[in-house]
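Encoded as structure tokens, the structure appears first; notes follow it.
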Amino acid sequence: MSRTLVELLQDGLPAEAILTDPDVTSSYAHDMASFCAAGDPAVVVLPRTVEQVQHVMRTATELRVPVVPQGARTGLSGAANASDGCIVLSLVKMDRILEISPVDRIAVVEPGVVNAALSRAVGEHGLYYPPDPSSWETCTIGGNIGTASGGLCCVKYGVTAEYVLGLDVVLADGRLMSTGRRTAKGVAGYDLTRLFVGSEGSLGIVVRAVLALKPQPPQQLVLAAEFPSAEAACDAVCKIMEGGHVPSLLELMDRTTVKAVNALAQMGLPETTEALLLAAFDTPDPAADLAAVGALCEAAGATQVVPAEDAAESELLLQARRLSLTALEAVKGSTMIDDVCVPRSRLAEMLVGVERIGEKYGLTVGVCAHAGDGNTHPTVCFDATDPDEGRRARESFDEIMALGLELGGTITGEHGVGVLKKEWLAREIGPVGVEMQQAVKAAFDPHSLLNPGKLF
């Protein structure tokens, strides 16, 4: 008699690493995205070693069972959602920082390491790991790699992809492959490392990563500038970047977002503003840089420019920005968070267009944005118990993505495609692009077992 999936998994996993209780496994069914279908996993496994991950994949290949890799499930595209009868492969127990090298300026980590934990650990060595998603206190490095995530500091330091030097990856059939390097330079062969970054677990299971680090910069100072319109704030952004300034952060909150943050946390942000721009510098003389940027903001029409006097004031302003998405969710109870990135020169058109779409559908749509790199997060607030409002939320979400493409942008700057944006990926890259991406998928995963139903 053939053995069951669970019996075969037990051959290479301890009992506590295998979860089969439906009440427990159902809690692993989905990430934080709305409107994304999720199935019922057959089993959840929580390996602690590379060998255990290999055993899971060999078993899955033998039985042709789909595998959905997961981290902390803080994603916003449904990329970590389970499919019916799948193995959910949760990597949160593989959470060791294996090495920190101040000389080579690298860290070697397992995928379950929490972003903030890594940042604090390398900080003790005078080093800095820049990518800082808003969920950095809970999201994992493996998930960051899977979705090529960004953060508040991307305008100066770039996104996750720019810090992944090498990977150890368990392939669909259980083989272990190493990509990339731990050296400062290296161009041997195809860049398979970059191929895995942003692949959303569809090509292999990342079990170890070599990450580049930077020297710890000086403490940054933040400036807040109020504007009478979103267009004026976006004009300031263009002037700042055109002027050759290199802020460590350049963030925008529209009036809806400002009001939502005040309602949630009573932070005293100026609700009379139409757009609030936050700029920061971590240079040796941040006050001088802020003064120069403040002058540009005033020239663009800012009604008030307030530089923080110290690190504590700066952190308070940054906390307001980090609360944006949580505050907008509290407006109606549910949100659809878009992730459209446009050229900086088209940022004003994007914000004006989003406001028009919100009015068209009779919905509250707040926008917070990584303005320095054109990455906007229009957030549709809606009542999930109202079917008509849910329909309008989805339609407005799609219209916002269409607007982003019309402006020469992309449907996702950092959240990924997952389930939520599958049809939009096809529109963005075209039929030939889809064909070639599917060919890559088939080369790594010929039986389509890894995170099926995602991306395309």
Side-chain angles (χ1 to χ4, degrees), residues 33 75-79 131 133-134 147-156 158-162 194 197-198 200 229-231 233-242 249-254 256-257 275 277 324-325 335-358 360-361 365-380 393-434 437 455-456:
L76 294 166
S77 68
S134 294
T147 57
S149 60
L152 302 186
C153 70
C154 293
V155 62
K156 179 173 182 177
V159 296
T160 296
E162 295 168 64
R194 279 292 186 105
V197 179
E200 302 183 18
S229 68
E231 295 97 318
C234 293
D235 183 41
V237 170
C238 292
K239 283 181 165 61
I240 291 166
M241 302 308 293
E242 185 181 17
L249 174 149
L250 193 55
E251 297 287 308
L252 184 146
M253 300 163 64
D254 72 354
T256 300
T257 305
L277 190 66
S324 294
L325 298 181
T335 56
M336 290 195 73
I337 303 169
D338 224 321
D339 174 37
V340 174
C341 191
V342 298
R344 283 186 289 262
S345 57
R346 312 298 297 271
L347 187 59
E349 294 171 80
M350 184 68 195
L351 267 64
V352 170
V354 168
E355 183 175 11
R356 184 180 65 248
I357 291 168
K360 173 182 175 181
Y361 287 96
V365 183
V367 179
C368 54
H370 308 307
D373 52 28
N375 194 176
T376 68
H377 293 306
T379 303
V380 182
R394 184 60 201 243
E395 290 179 6
S396 66
F397 182 87
D398 286 346
E399 202 160 314
I400 289 168
M401 281 193 287
L403 172 64
L405 291 181
E406 289 170 14
L407 295 175
T410 175
I411 59 167
T412 175
E414 57 187 5
H415 291 172
V417 175
V419 175
L420 190 61
K421 298 186 175 184
K422 283 168 48 173
E423 65 176 275
W424 286 97
L425 175 64
R427 295 191 198 190
E428 178 172 333
I429 67 176
V432 176
V434 170
Q437 295 213 12
L455 292 169
F456 37 71

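Since this is a predicted model, take the numbers as computed values, not measurements. Excluded from the calculations below are hydrogen atoms, water molecules and symmetry mates; all remaining heavy atoms, backbone and side chain alike, are included.
Side-chain contact check for Leu405 versus Trp424: some heavy-atom pair is nearer than 4.5 Å. Using a 4.5 Å cut-off on side-chain heavy atoms (C-beta onward), Leu250 and Leu277 make contact. Side-chain contact check for Glu428 versus Lys421: every heavy-atom pair is 4.5 Å or farther apart. No side-chain heavy atom of His370 sits under 4.5 Å from any side-chain heavy atom of Val155. Looking at heavy atoms from C-beta onward, Thr160 lies in side-chain contact with Ser149 at the 4.5 angstrom threshold. You'll find the side chain of Phe397 stays beyond 4.5 Å of the side chain of Ile337, heavy atoms only. Side-chain atoms of Asp338 and Thr379, non-hydrogen and from C-beta on, never get closer than 4.5 Å to each other. Residues Thr412 and Ser77 are not in side-chain contact: their nearest non-hydrogen atoms beyond the backbone lie 4.5 Å or more apart.
At least one donor-acceptor pair closer than 3.5 Å links the side chain of Glu200 to the backbone N or O of Gly418. Between the Lys422 side chain and the Val417 main chain, no donor and acceptor come within less than 3.5 Å of each other. A donor-acceptor contact shorter than 3.5 Å is absent between the side chain of Thr376 and the backbone of Gly374. Without hydrogens or angle criteria, Thr147 side chain to Gly198 main chain gives no donor-acceptor distance under 3.5 Å. Thr410 places no side-chain N or O within donor-acceptor distance of the main-chain N or O of Gly413, the cut-off being under 3.5 Å. The closest donor-acceptor contact from the side chain of Ser396 to the backbone of Tyr361 lies at 3.5 Å or more, if one exists at all. Using a distance-only test at 3.5 Å, with no hydrogens or angles considered, no donor-acceptor pair links the side chain of Asp339 to the main chain of His377. Remark: the backbone N or O of Val159 is paired with a side-chain donor or acceptor of Glu162 at under 3.5 angstrom. For Arg344 (side chain) and Val237 (main-chain N/O), no donor-acceptor pair under 3.5 Å exists by modelled atom type. Formation of a donor-acceptor pair under 3.5 Å by the Asp254 side chain with backbone atoms of Val367 is found in this model.
Salt-bridge annotation for Glu349 and Arg346: present, with a side-chain N of the basic residue lying under 4.0 Å from a carboxylate O of the acidic one. Of the charged side-chain nitrogens involved, at least one lies within less than 4.0 Å of a carboxylate oxygen, so that Lys360 and Glu399 count as a salt-bridged pair. Between Lys156 and Asp373 there is no salt bridge, since none of the side-chain N atoms of the basic residue sits less than 4.0 Å from a carboxylate O of the acidic one.
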Quiz prompt | CA sep, side-chain torsions, deciding dist, call: Met336, Leu420, side-chain contact (heavy atoms from CB on, under 4.5 Å) | solution = CA-CA 10 Å; Met336 290 195 73; Leu420 190 61; 3.9 Å; yes
Quiz item: For Val365 and Glu355, what are the C-alpha separation, side-chain angles and deciding distance, and is it a side-chain contact (heavy atoms from CB on, under 4.5 Å)?
Solution: CA-CA 7 Å; Val365 183; Glu355 183 175 11; over 6 Å; no
Self-check item: Test log, rule side-chain contact (heavy atoms from CB on, under 4.5 Å), inputs Thr335 and Val380
Solution: CA-CA 5 Å; Thr335 56; Val380 182; over 6 Å; no
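Of all heavy-atom pairs spanning Ala371 and Leu252, the tightest one is CB-CB, 4.0 Å. Closest of all the heavy-atom pairs between Cys368 and Leu325 is SG-CD2, 3.7 Å. Nearest heavy atom pair, residue Cys154 against residue Gly151, reads SG-N, 3.1 Å. Contact detail for Val419 and Gly78: the closest heavy-atom pair is CG2-O, 3.6 Å. Shown here for Ala233 and Ala275, the closest heavy-atom pair between the two residues is CB-CB, 3.8 Å.
The line from CD of Glu242 to OG of Ser345 is 10.5 Å long, rounded to the nearest 0.5 Å. Here the CG atom belonging to Asp235 is positioned 10.0 Å from the CD1 atom belonging to Ile240, to the nearest 0.5 angstrom. Going from atom SG of Cys234 over to atom NZ of Lys239 covers 11.5 Å, rounded to the nearest 0.5 Å. Between atom CD1 of residue Ile400 and atom CZ of residue Arg356 there is a gap of 10.5 Å, rounded to the nearest 0.5 Å. To the nearest 0.5 Å, atoms SG (Cys341) and NE2 (His415) are separated by 11.0 Å.
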